[in-house]
Amino acid sequence: YVKAKLTTGQFEDIAEDANAVRKMSNDEFIEFFGYDKQDFKDENAIAKRKNEVADSIIKRAQKIKEAFDTVDSLREVI
């Protein structure tokens, strides 16, 4: 997914997708990601997990982008 977004110039879409996770209702989030509502103490715990998931999406995508940039810069040296 990240590679496709990088190669097509749509990397910024990943942040938009992550923010879409934040905007989901708690019930939508639980259903989409396959959680059980009983796994959470309350609605605030669900909201906290939504933010953690969104942050993780962005951080992982950024790390993948950095790796691709590093490889690309090495290819230019060779």
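Quick note: numbers below take in every heavy atom, side chains included, and nothing from hydrogens, waters or symmetry partners. These numbers come from a predicted model, not from an experiment.
The salt bridge (charged side-chain N to carboxylate O under 4.0 Å, His left out) search around Lys5 returns Asp13, not counting sequence neighbours. Contacts of Lys65 classified as side-chain contact (heavy atoms from CB on, under 4.5 Å), with partners at least two apart in sequence or in another chain: Leu6, Phe11, Gln62, Asp69. In terms of the side-chain contact (heavy atoms from CB on, under 4.5 Å) criterion, residue partners of Asp42 (sequence neighbours excluded) are, by chain and number, Asn44, Ala45. Partners of Lys3 by side-chain contact (heavy atoms from CB on, under 4.5 Å), not counting sequence neighbours, listed by chain and number: Thr7, Phe68. When the side-chain contact (heavy atoms from CB on, under 4.5 Å) test is applied to Arg22, the partners found at least two apart in sequence or on another chain are Asn19, Asn51, Ala54, Asp55, Ile58.
Atom CD of Glu52 sits about 12.5 Å away from atom NZ of Lys50, to the nearest 0.5 Å. To the nearest 0.5 Å, the span separating CD1 on Ile30 from CD on Gln38 amounts to 10.0 Å.
The two residues Ile57 and Ala18 make their nearest non-hydrogen contact at CG2-CB, 4.0 Å. Taking each heavy atom of Met24 and Phe29 in turn, the nearest pair found is SD-CA, 3.7 Å. Closest heavy-atom contact between Ala61 and Ile14: CB-CG2, 3.6 Å.
Residue pairs satisfying the salt bridge (Lys or Arg N to Asp or Glu O under 4.0 Å) criterion with at least one member in residues 25-34, sequence neighbours excluded, are listed as follows: Asp27-Lys37. Residues in residues 41-64 take part in no ring pair (Phe, Tyr, Trp, His ring centres under 6.0 Å) pair, two or more places apart or across chains. Evaluation of the ring pair (Phe, Tyr, Trp, His ring centres under 6.0 Å) test over residues 39-60, restricted to residues two or more places apart or in two chains, returns Tyr35-Phe40.
Looking at Thr70, its side chain does come within 3.5 Å of a backbone N or O of Glu66 through a donor-acceptor pair.
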